[in-house]
Structures are given as C-alpha cells and as structure tokens.
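All remarks here apply to the structure that follows.
Atoms considered below: every heavy atom in the structure, side chains included; atoms not considered: hydrogens, waters and symmetry mates. Everything numeric here is computed off the predicted structure, so don't read it as measured data. Every chain is numbered from 1 and lettered A, B, ... according to where its sequence line falls, protein lines coming before strand lines.
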Protein chains: 2
Amino acid sequence: MDGMGIDDVAVQMGVSKHTLRYYEREGLLPPVAKAANGHRRYTDDDLGWIRFLQLLRATGMPIREMKEFVDLAHAGEHTVADRVAVLTHYREALVTRMAQDRDHLEHLDRKLEYYEGVLAAANAVPEDITRSVRA
Amino acid sequence: MDGMGIDDVAVQMGVSKHTLRYYEREGLLPPVAKAANGHRRYTDDDLGWIRFLQLLRATGMPIREMKEFVDLAHAGEHTVADRVAVLTHYREALVTRMAQDRDHLEHLDRKLEYYEGVLAAANAVPEDITRSVRA
DNA sequence: CCTTGACTTCGAGTGCACTCGAAGTCCTAC
DNA sequence: GTAGGACTTCGAGTGCACTCGAAGTCAAGG
C-alpha cells in the first residue's frame, strides 16, 4: 500500500500523532484511508491538507472556523467566494498583528536600551566609589 | 485621594476589571493602594506597570514567567542582568515569530491568488457556455 | 505460542488565561 | 432608612487546543 504511516507524518509535519487523530476527529481532515490492519495511511493530498491547516492555524484561525472553512471547501466550487472572504479576513488580522508586533519589538528594544544603561551605570559606580575612596 | 478607580483603569488600559484583580492576585501587580472604603486606587506607577505587563504578554511571555520577572524587578538592581536575559530571550522569540508571520502572509497571499484565479475562471465559464450554446 | 510494540478508539484530563457569580460591604440618593 | 449600584473577596467555571491513558487489536520476531 502507498502512503505514510502516522508516525512518519507526525515527524515530518511536526505535529503529534494525537493531534493528527484529533484533527481528523474534528473533521479538519477528511477521513484518512486505512490499511487492512486499520492503520492510517496518509496520501500526498492528506499531507497537503495538513500543511494548509497549519497555515490557517498560523494565521490565528481557531479550530472551529477551520472546520467551517474545510466544510466550505468540501461543498464545492460555488463556495470559493466565501472562502476568499474568510481568508481575506484572517489575512487582515495577520497584517494587523504584524504591525503590532513591530510596535512591541520597538518598545521592547527601548526597555532593553534602558536596562543596558542601568547596567552600564552599575558597572561605572564601583569605579566612582573607588575614586571617592581614593580621594 | 488621588489615583484612578478600577473602572476607569479597565477602560483606559483595555483590560477587564476581573483581569486587573487577577493580575494583582497572581502577584504581577504590586498590591494596589486601597481607599478608606476598600476600593482600589491606581497610581500612575501602577498604570506604567500595567502597560509594561501588556508589553510582556504581547511578546508571548506566559503569566508564570511574567511573575518571575516581576519578582526579579522587585528584588532590586542586582537582578538587572537576569532581566535583560529574559527580555532578550523573548525579543528573539518575537523576531522569530515575526519572520514566520511574513512567511505565512506570503503563503496566504499565494492561496488567495490561486482562489482569485479560480473565481475568474468561474466567471469566464458561463461566457464559454453561452458561446457554445449559441454555436 | 507468546511477548513486544505500534497501532486503534474513546472518553477523560491538562494547562492556560481569564471570566464569572455569589455573598458581603459601603456610599448615595431619594 | 432603605433601595440601588459599584465595589470587595473567594472559589468555581469556561473555552480552547490539545494531550493522555486505558483497553483492545494486530503483525512480526524469538
């Protein structure tokens, strides 16, 4: 039989076996083919789906809405416009978050600069003390 | 008495009153001063802390580690180097996430382009059908 | 034959970060 | 003086996304 076992898929895709079964249970993944012994065999299509799901998750989409999206995809071509709408929505949320992250990074760097200053001062103080002791 | 009430702080900082009390309980916020009637009065320093906590959260730091950080800050100047280490760690995690986000955005845009193509084709098909019917 | 080990299903448990509700207190306005 | 409403504490509940463990099945190796 062709296809990969769940263990290989888990390693290759960087998710746990538990998560793979969980996604399937939740309907995010179409029912995966089973070998004669009942073991899952993942096709390349399955792998593609998993990659896509990972992308959706990475955009911040919750499982519930991912399921809705998957159902739309399953419903056929007439849902493409809806799917574009959903994706566009999360695209915008992602762009917003990216802007916020840039902002947060800037703030963080300012904090770090401040701390570096404190650190430099702390290193300088002993010298001053030395000098004052010497004086 | 000076300082703001919890309601104003919640509105101004964009967090719920529940969360403000929760943060205080968890030791993320130093014990906030209380008016004679037991109501919390937030000083400007408190507001500054809250803003800082929001920054830490935004970098992806979990509550538990925020508490550790706060404890370090409370412990005095000799912990500055440790604090810099923690902040630097989360700074790097943030930078990594930002890079991943750029990557995700690119993938998402490719998906969207693909879908736009499908949509354009779907709009084109009826014309073709019309033509074939006419022929 | 029987142990080993990886798979299966199923429901239950975990960790996180809130979020809520009950019960009580205290000022304000009528 | 009492009804209303916002505050207080405290412990319990929620939602999310896994994560785990028990119990069973199956194929291969010794």
Side-chain angles (χ1 to χ4, degrees), chain A residues 1-43 46 49-70 90 93 97 104, chain B residues 1-43 46 49-70 90 93 97 104:
Chain A
M1 291 294 140
D2 53 9
M4 303 170 72
I6 194 170
D7 225 342
D8 293 337
V9 174
V11 170
Q12 187 172 323
M13 306 303 285
V15 294
S16 74
K17 292 180 284 185
H18 283 303
T19 300
L20 283 172
R21 287 189 282 250
Y22 166 69
Y23 277 12
E24 193 177 336
R25 252 189 291 167
E26 295 298 311
L28 298 189
L29 224 45
V32 173
K34 305 283 182 66
N37 58 9
H39 294 196
R40 285 173 179 76
R41 306 263 70 193
Y42 292 84
T43 65
D46 291 329
W49 259 113
I50 294 167
R51 255 186 290 273
F52 183 49
L53 292 176
Q54 288 183 314
L55 174 60
L56 295 186
R57 284 292 293 127
T59 66
M61 194 184 293
I63 298 289
R64 179 179 29 79
E65 192 151 1
M66 282 170 67
K67 170 149 179 51
E68 287 171 27
F69 189 93
V70 167
Y90 279 97
R97 271 217 319 286
H104 295 321
Chain B
M1 290 292 145
D2 53 7
M4 303 169 70
I6 194 169
D7 225 342
D8 293 337
V9 174
V11 170
Q12 186 171 325
M13 305 303 285
V15 295
S16 74
K17 292 180 283 183
H18 283 305
T19 300
L20 284 172
R21 287 188 282 251
Y22 167 69
Y23 276 13
E24 194 178 336
R25 255 190 289 168
E26 295 297 310
L28 298 189
L29 224 46
V32 173
K34 304 284 182 64
N37 58 7
H39 293 195
R40 285 174 178 75
R41 306 262 70 192
Y42 291 84
T43 65
D46 291 329
W49 258 114
I50 294 166
R51 255 186 291 274
F52 183 48
L53 292 175
Q54 288 183 315
L55 174 61
L56 294 186
R57 284 293 294 126
T59 67
M61 193 183 294
I63 298 289
R64 179 180 31 77
E65 192 151 2
M66 283 170 66
K67 169 148 180 53
E68 287 171 27
F69 189 94
V70 168
Y90 279 97
R97 272 218 320 284
H104 295 322

Exercise: identify the closest heavy-atom pair between B:His104 and A:Leu55: O-CD1, 3.6 Å
Is a donor on one side and an acceptor on the other found under 3.5 Å between the side chain of B:Glu26 and the backbone of B:Lys67? no
Which atom of B:Met4 lies closest to which atom of B:Val9, heavy atoms considered: CB-CG2, 3.7 Å
Taking only heavy atoms on the protein side, list every residue of residues 19-28 of chain A lying under 4.0 Å from any atom of DNA chain C, sorted numerically. A:Arg21, A:Arg25
Here the distance between atom C1' of D:dC18 and atom CE of A:Met66, to the nearest Å, is 13 Å
What are the two closest non-hydrogen atoms of B:Ala10 and B:Ser16, and how far apart are they? CB-C, 4.2 Å
Looking only at C:dC7, D:dG21, C:dA17, the nucleotide nearest the A:Ile6 side chain is C:dC7
Taking only the side-chain nitrogens and oxygens of B:Lys34, find out if one of them lies under 4.0 Å from OP1 or OP2 of D:dT8. no
Got a donor-acceptor contact below 3.5 angstrom from the A:Gln54 side chain to the A:Met13 backbone? yes
Do A:Tyr90 and A:Phe69 have ring centroids that are under 6.0 Å from one another? no
Between C:dC18 atom P and B:Gln54 atom CD, what is the distance in whole Å? 10 Å
From B:Tyr23 atom OH to B:His18 atom NE2, the distance as rounded to the nearest 0.5 Å: 14.5 Å
Donor-acceptor check, side chain of A:Arg21 to backbone of A:Arg25, threshold 3.5 angstrom: yes or no? no
Using a strict heavy-atom distance below 4.0 Å, which residues from residues 7-16 of chain B are in contact with DNA chain D? B:Asp7
Hey, what do you get for NE2 (A:His39) to CG (A:Asp7), rounding to the nearest 0.5 Å? 11.0 Å
Check the distance between D:dA22's P and A:His18's NE2 and give it to me in whole angstrom. 12 Å
Between the protein and nucleotides 24-30 of chain D, which nitrogen or oxygen pairs are less than 3.5 angstrom apart?
none

Roughly how many Å is it from CG in B:Leu56 to C1' in C:dA17, rounded to a whole number? 15 Å
Separation of D:dC18 P from A:Leu53 CG (nearest whole Å): 11 Å
Ignoring hydrogens and geometry, is there a side-chain-to-backbone donor-acceptor pair from A:Arg64 to A:Glu68 under 3.5 Å? no
Which whole-number value in Å describes the distance from B:Glu65 CD to C:dC16 C1'? 14 Å
D:dT8 phosphate, OP1 or OP2, under 4.0 Å from B:Arg40 side-chain N/O: yes
A:Lys67 has an atom NZ; how far is it from atom P of D:dC16, in whole Å? 15 Å
Minimum heavy-atom separation for B:Val32 to B:Asp46, with atom names? CG1-OD2, 4.0 Å
Between A:Arg57 and D:dA17, is there a contact of a side-chain N or O with OP1 or OP2 at under 4.0 Å? yes
Using side-chain heavy atoms (C-beta onward) and a distance below 4.5 Å, is B:Tyr42 in contact with B:Ile50? yes
Between P of D:dG21 and NZ of A:Lys17, the distance in whole Å: 13 Å
